Every structure is written in C-alpha cells, then in structure tokens.
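Structure first, commentary second.
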Amino acid sequence: MVKKLIYLDGCATTRVDDEVFEAMLPFLREEYGNPSSPHVLGKRARRAVDEAAASVAALMGADPADVVFTSGATEGNNLALLGMFGHDDRAPVSGLFCPTDHKSSLAIGRALAARGVDVRTMRVGPDGRIDLQHLAGLLDLHSRVATTAWVNSEIGTVQPVAAMAALCHEVGAMLHVDAAQAAGRVPLRVREAEVDTMSLSGHKIRGPKGVGALYVRPEIRHRLRPVMFGGGQYELRSGTIPTHLVVGLGKACELALARLDAERRRAVDLRATALDMLRAGLPGVRVNGDPRHGVPHVLNVVLPGVRGESLVSSLSTVALATGSACNSGSQEPSHVLTAIGLSAQDANSSVRICLDARMPFEDLVLGLDLIVERARDLAGVVVAMGGHAPFSPS
C-alpha cells in the first residue's frame, strides 16, 4: 500500500491547481499559434496572453502594460537588478542588498561587486525586518537600487516595502522587490507602495513552473537595460512567449487574488495547531522570526537536540525542509537564520514548515505527529552518542 504523503513544503513549490491545468490544455494542442504571428491563430494566442497579463496585473495592483512575462522570479530579479546598471558602472555607484534574501538576489550582488560596483548590505533585526534607519544611512546620491524580498522564504518575515521605497526615492534610487513568496499571501498593491520593479513565479501560487512576471513601473522603464536580446517581443525581454505557461500563470493569479483573504485566515488556524502540537510534543521548541511581522503560512522552528537535515531526510511520508530549496545541497547553516542572530547549532537544528491553506486538518495533525515522533527518536540517538539531553515525553 502506498502511504499518503503529507506535503509541508509549499514555499519550495506547489501542485498545479486543477483549474490552472484545464486553462492551459487548449494552448498545448488546438491553440498553438505564436502570439507574435499576424494570422488568426496568432491573434487568438495574443488575446489569451493579454487576458493573462490583466490577471497578473490585478494580483500585483498594477496595469497590464506594466507586466513583462519571464521564466520566473529568478530571471525577473536578474532583469531588474542587472538592468539598472551599465557594464561600466563602478564605485561610488552602489546597490543595496538584504542579507536574508533569496540567493537569486544575493548572487547578483556578488556579480556586481566583482565588476566594481559598491555593494552594501542592509542590517536586519532578530525578527528579520530591515532596519530602516540603517537603510537610510546606506543610501546616498550614488545609490542605484535597493532590493528585498517582500516575504522571506524561510521565516516568513514581511518587509516594510512602502517605507523602503520612500527612502530610496528621496535620493533618486529605485526599489526592487522579490514577491515570489508574497504573491497570494499578502496584498501586493505595487502602485500604492511605489515599488519600482517586482518579480514573482507561477509555481509558488499553484501555477506551472517555468513562468513568472516582472512588474516595471512605467515611470522608470527607460532606466532599465535589457539583459537578453532577440526578436523584441518585449522591449525588455525577447523570446517567443510560451502561451500555455502564461495562460496558466494568469489563471493562478486570478485564483490567488480571489482566495487571498480566506486562505490567510485558514493558514492562521493551521499555524496555531502546528505550533501547539510541536510545543506539546517537543519541549524547548523556539520560533524563528516574529509572527507579528510575518505571514501565517510559514513556521520556522528550532528543535533542540535534532539536526534538521537528519529529520527531513528520515521522514518518508512527510515533506518539509530546513530552508530555501536553492540551499538544499549545502551543508552550511541557513544564511537567513545566521543573519538574524542564530548560532550555527540552532540554525542546523531548525526546520521550515510551509502550510497549504487548502490541506485537510487531519493531514496536518498526522504530519505533525510523525515529525514529533521522529524528532524524539533522533534526540534519543544524539543522547546515546553523548549529545544533548532528550526531549521529555508529552
């Protein structure tokens, strides 16, 4: 008998929604026209792309003309951040990066530093929030851009993007936001927050992998340089538009917007249950980050006496993680957790539980029971080897 898998890793990726899948199917078979073609099939494909752009823009709080389709948030981050610098830019020209961000942003910072750009690091507090006073001190008239993830992928911290944008604009700098984890979890409203550019990925919101979108505020569009050249389907991003993926992204955004409030409320309840079960079964559990400044979908905890990687790899029917999927091959402690002040030992004893607001309550209970049971077993092994004290029984 195949045992049921309890999936608690929705920050890494999500299952494609049935409605998204059905919306995509015609554009893999009957409606296979190129959206750039002038004939009837091309026009129908273009109409579908335009409708998808409207749905993406609605989720972002933007206009359809502000949306550029990409392969995902990683490409969007590269297009926005690299596009704001010329190849000959050197210090004192600067860019400001958040140390807890996804590596698709941090790696760009390293690449810019290697060119000679002055790359500066913002300070974050124990809750993962950016220190706005420190940010203000880093910004100057040579600053080109600051960047942050709207919602952190490991501890769920929500950043004060509107306040950050205001500080950036005071010195003529721009703010780029990675919204891969924020889409469908917090209201985005980029125009209201005066964000300059923002990326997201379809597969984080029950859409297909391989597609995303970049918002570009029209007032700063002229300041971005393309990083990929071709047929000019978009001014900033060439390449044949994958209609089926774009349609899937559009449908996923439509559903995410419609369900945002209800799914947030359900996630609050699921998180409370998960935390109660962990604390009851594993005394000493500590939450990383501050739930007052985070999304309820992400729960990151220290399990004293247990190595997170050992727990994750030993669970055959529960899928969870120790951090971002991009870090899964690394033996180093999470850069997010060490940046907010955790020791390497506590960071390595942490796991991330990402809650799907649609999951059955009984699945969550079953998954947490298995996590607690296995964590106790692992803690006992550590004790036998002369490590930390075992967990007390509940």
Side-chain angles (χ1 to χ4, degrees), residues 7-14 70-78 80-81 97-109 121-122 124-130 147-161 164 176-186 188 198-207 209 212-214 256 263-264 267 271 274 287-291 293-302 308-309 312 319-330 332-342 347-348 350-357:
Y7 189 69
L8 299 173
D9 196 24
C11 295
T13 196
T14 57
T70 67
S71 62
T74 292
E75 183 188 344
N77 292 341
N78 277 265
L81 293 172
F97 289 76
C98 176
T100 58
D101 276 0
H102 191 271
K103 288 189 174 180
S104 65
S105 295
L106 298 180
I108 296 169
T121 302
M122 305 176 214
V124 297
D127 60 359
R129 299 250 292 180
I130 288 168
T147 181
T148 189
W150 201 318
V151 170
N152 183 267
S153 63
E154 294 194 24
I155 59 176
T157 301
V158 180
Q159 298 293 358
V161 296
M164 294 177 67
H176 171 66
V177 173
D178 179 342
Q181 300 293 342
R185 289 175 174 157
V186 299
L188 297 178
M198 185 183 74
S199 60
L200 57 79
S201 284
H203 74 104
K204 305 290 189 182
I205 53 171
R206 303 188 184 97
K209 296 176 178 65
L214 177 69
E263 293 200 351
R264 181 179 180 86
R271 186 184 193 279
V287 176
N288 294 321
D290 187 338
H293 302 301
V295 293
H297 310 71
V298 183
L299 177 60
N300 194 303
V301 292
V302 181
E309 288 288 353
V312 169
L320 71 161
T322 56
S324 294
C326 68
N327 297 332
S328 60
S330 174
E332 296 296 317
S334 160
H335 72 282
V336 173
L337 299 182
T338 54
I340 64 172
L342 267 70
N348 284 328
S350 296
V351 294
R352 179 189 68 180
I353 297 171
C354 296
L355 300 165
D356 181 352

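Side chains included, hydrogens not; waters and symmetry mates left out as well; all remaining heavy atoms used. These numbers come from a predicted model, not from an experiment.
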Specify the closest pair of heavy atoms between [X] and [Y], including all atoms of both residues, with the distance to one decimal.
| X | Y | answer |
| --- | --- | --- |
| G184 | A256 | CA-CB, 4.1 Å |
| A179 | L200 | O-CB, 4.2 Å |
| I340 | G128 | CG2-CA, 3.7 Å |
| A274 | L299 | CB-CD2, 4.0 Å |
| H335 | K103 | ND1-CE, 4.1 Å |
| N78 | S104 | ND2-O, 4.3 Å |

For the side chain of [X] and the backbone of [Y], is there at least one donor-acceptor N/O pair under 3.5 Å apart?
| X | Y | value |
| --- | --- | --- |
| D101 | L106 | no |
| T148 | W150 | no |
| S334 | V336 | yes |
| R185 | R264 | no |
| R352 | S153 | yes |
| K209 | G202 | no |

Atom [atom1] in [X], atom [atom2] in [Y]: separation rounded to 0.5 Å?
| X | Y | atom1 | atom2 | result |
| --- | --- | --- | --- | --- |
| C354 | Q181 | SG | CD | 7.0 Å |
| C11 | I353 | SG | CD1 | 11.0 Å |
| N152 | D178 | CG | CG | 10.0 Å |
| T14 | D9 | OG1 | CG | 10.5 Å |
| I130 | M122 | CD1 | CE | 4.5 Å |
| E75 | S199 | CD | OG | 10.5 Å |

Q | Stepwise side-chain contact (heavy atoms from CB on, under 4.5 Å) check, D290 with T157 | A | CA-CA 7 Å; D290 187 338; T157 301; over 6 Å; no
Q) Is the closest basic N to carboxylate O distance between R206 and E263 below 4.0 Å? A) yes
Is there a side-chain contact between [X] and [Y], using heavy atoms and a 4.5 Å cut-off?
| X | Y | answer |
| --- | --- | --- |
| V301 | V351 | yes |
| N300 | L337 | yes |
| H176 | N77 | yes |

